[in-house]
Amino acid sequence: MVRAIKRVLVVVKTYPNLSVKYDELVCTAGILEDGSWVRLYPIPFRRMDYEKQYKKYDWIEIEVERRNQDMRPESFIPNMETLKIGAHLDTRDNWGKRKRYVLQNVYRDMGELISLAHQNKLSLAVFKPEKVIRFDDKEVSEQEHQEYQKKMAEILNQRKQMKLIDDGLKDIEPVSKPDYRFYYEFEDINSKKSKMMIEDWEIQALYRNCLQRRRNKQQALEDVHKKYRDDFALTKDLYFILGTTLEFHRRRARNPFTIIGTFTPKKRI
């Protein structure tokens, strides 16, 4: 297996997902200095030592190898033991340093993006919506919560059986299932409408923080709407970071993309 050291600007961290095989995992997407994208997975992010928990817009250096079970061209397996965290890109000059890398190749046509994904030419991209129609939410069902709790129990039981093996990871409780899913509905440059779920870790962290402060689900939801609808969509120069899911990419679904991150410098007046 060919391995290589890559220097990656971390742009996206998705919400942790549970896997009976791999435990709790996070997918990270980032950009190389030449503007090309990489997807790093699996990463047991919350179980790593704090000094190894990189932030968005940190440069990291890490050894990777191709992920054979994932045909998407940007997908790599990271060797977390080789991780080195470097400089952080701040938001000064209206995100000037970040724009230099993130906005090197921006798409505006969803049809073009979907076609490229179906040809397996890409699975990660920056997209500029022509118009945001609405920001929406949908409550996660009780059945989904129950299924999630069952998977969490399997993972915790598996950890107990593996106690004799020191994997160097913290033994924290897996993250809980989100209460809500969030969506943007938007138009592209050809007035084509799309509605996509937002799988960014930040939106769920925002909801949880608002819920902890407000102690009321409806008020927490209103706070999230204010941020993503009234702030991001109206006062920011909003871009989406899009990524395909492995299942829908493999099936060449009609639209295999979800929103895995947002890029939100201020609008130029």
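For the single chain, residues carry numbers from 1 onward in sequence order.
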For this session: Specify the closest pair of heavy atoms between R39 and T244, including all atoms of both residues, with the distance to one decimal.
Result: NH2-O, 3.8 Å
Exercise. Do the side chain of E199 and the main chain of T258 share a donor and acceptor less than 3.5 angstrom apart?
Worked result: no
Exercise. Should the pair K195-D136 be classified as a salt bridge under the 4.0 Å nitrogen-to-oxygen rule?
Worked result: yes
Problem set entry | F240 with I31, same ILVMFWY side-chain cluster at under 4.5 Å | no
Exercise. About how many Å separate CG of D200 and CD1 of I259, when rounded to the nearest 0.5 Å?
Worked result: 10.0 Å
Exercise. Quick one: are the ring centres of Y228 and F182 less than 6.0 Å apart?
Worked result: no
For this session: Measure across I241 and T262 and return the closest heavy-atom pair with its distance rounded to 0.1 Å.
Result: CG1-N, 4.4 Å
Exercise. Less than 6.0 Å separating the ring centroids of Y183 and F135?
Worked result: no
For this session: Ignoring hydrogens and angles, tell me if any N or O in the side chain of D58 forms a donor-acceptor pair with the backbone of K55 under 3.5 Å.
Result: yes
Problem set entry | Gap separating the SG atom of C27 from the NZ atom of K13, nearest 0.5 angstrom | 12.5 Å
Problem set entry | NZ or CZ of K6 within 45° of F76 ring axis and under 6.0 Å | yes
Problem set entry | Ring centres under 6.0 angstrom apart (F186, F127) | yes
For this session: Hey, could you give me the NE2/CG distance between H88 and L9, rounded to the nearest 0.5 Å?
Result: 9.5 Å
Problem set entry | Cationic N near anionic O, under 4.0 Å, R251 to E247 | yes
Problem set entry | More than 12 heavy atoms of other groups within 6.0 Å of E51 CD | yes
Problem set entry | Side-chain heavy-atom pair L242, M196 within 4.5 angstrom cut-off | yes
For this session: Answer yes or no: is there a side-chain heavy-atom contact under 4.5 Å between V10 and Y57?
Result: no
For this session: Find out if a path of hydrophobic residues (ILVMFWY) with successive side-chain heavy-atom gaps under 4.5 Å connects M110 to L122.
Result: yes
Problem set entry | Expected output: side-chain E130 to main-chain R108 donor-acceptor under 3.5 Å | no
For this session: For R213, check salt bridge (charged side-chain N to carboxylate O under 4.0 Å, His left out) against everything at least two apart and list the hits.
Result: D223
Exercise. Do NZ/NE/NH1/NH2 and the carboxylate oxygens of D237 and K128 come within less than 4.0 Å?
Worked result: yes
Seminar exercise, completed: So OG1 of T91 and NZ of K266: to nearest 0.5 Å the spacing works out to 8.5 Å
For this session: Find out whether K192 and D109 are in side-chain contact, i.e. whether some heavy atom of one side chain is under 4.5 Å from a heavy atom of the other.
Result: no
For this session: Spell out, as yes or no, whether a donor-acceptor pair under 3.5 Å connects the side chain of R66 to the backbone of P73.
Result: yes
Exercise. Under 6.0 Å between ring centres, would you say that holds for W59 and Y101?
Worked result: yes
Exercise. Can you check whether E185 reaches S194 side chain to side chain, under 4.5 Å on heavy atoms?
Worked result: no
Exercise. Do E33 and R7 meet the salt-bridge criterion of a basic N to acidic O distance under 4.0 Å?
Worked result: yes
For this session: Drop me the distance from R208's CZ to W201's CH2, to the nearest 0.5 angstrom.
Result: 10.0 Å
For this session: Starting at NE2 of H225, measure out to SG of C210 and round the result to the nearest 0.5 Å.
Result: 11.5 Å
Exercise. Is the number of heavy atoms from other residues, nucleotides or ligands under 6.0 Å of E81 CD greater than 12?
Worked result: no
Problem set entry | Result of checking I60, I77, L83 against L40 for side-chain contact (heavy atoms from CB on, under 4.5 Å) | I60
For this session: Output yes when a side-chain donor or acceptor of N216 lies under 3.5 Å from a complementary backbone atom of Q219, and no otherwise.
Result: yes
Exercise. Would you say the side-chain atoms of E144 pair up with the backbone N or O of V140, donor to acceptor, closer than 3.5 Å?
Worked result: no
Problem set entry | Salt-bridge contact K227-D231 (side-chain N to carboxylate O under 4.0 Å) | yes
Problem set entry | Side-chain donor or acceptor of E187 paired with backbone N/O of P129 under 3.5 Å | no
Problem set entry | Residues K56, E202; criterion salt bridge (charged side-chain N to carboxylate O under 4.0 Å, His left out); working and verdict | CA-CA 10 Å; K56 285 178 61 175; E202 285 188 349; 3.3 Å; yes
Exercise. Got a sec, which residues hit side-chain contact (heavy atoms from CB on, under 4.5 Å) with P178, two or more places apart in sequence or on another chain?
Worked result: Y15, Q204
Problem set entry | F263 six-ring centre to R98 NZ/CZ under 6.0 Å and within 45° of normal | no
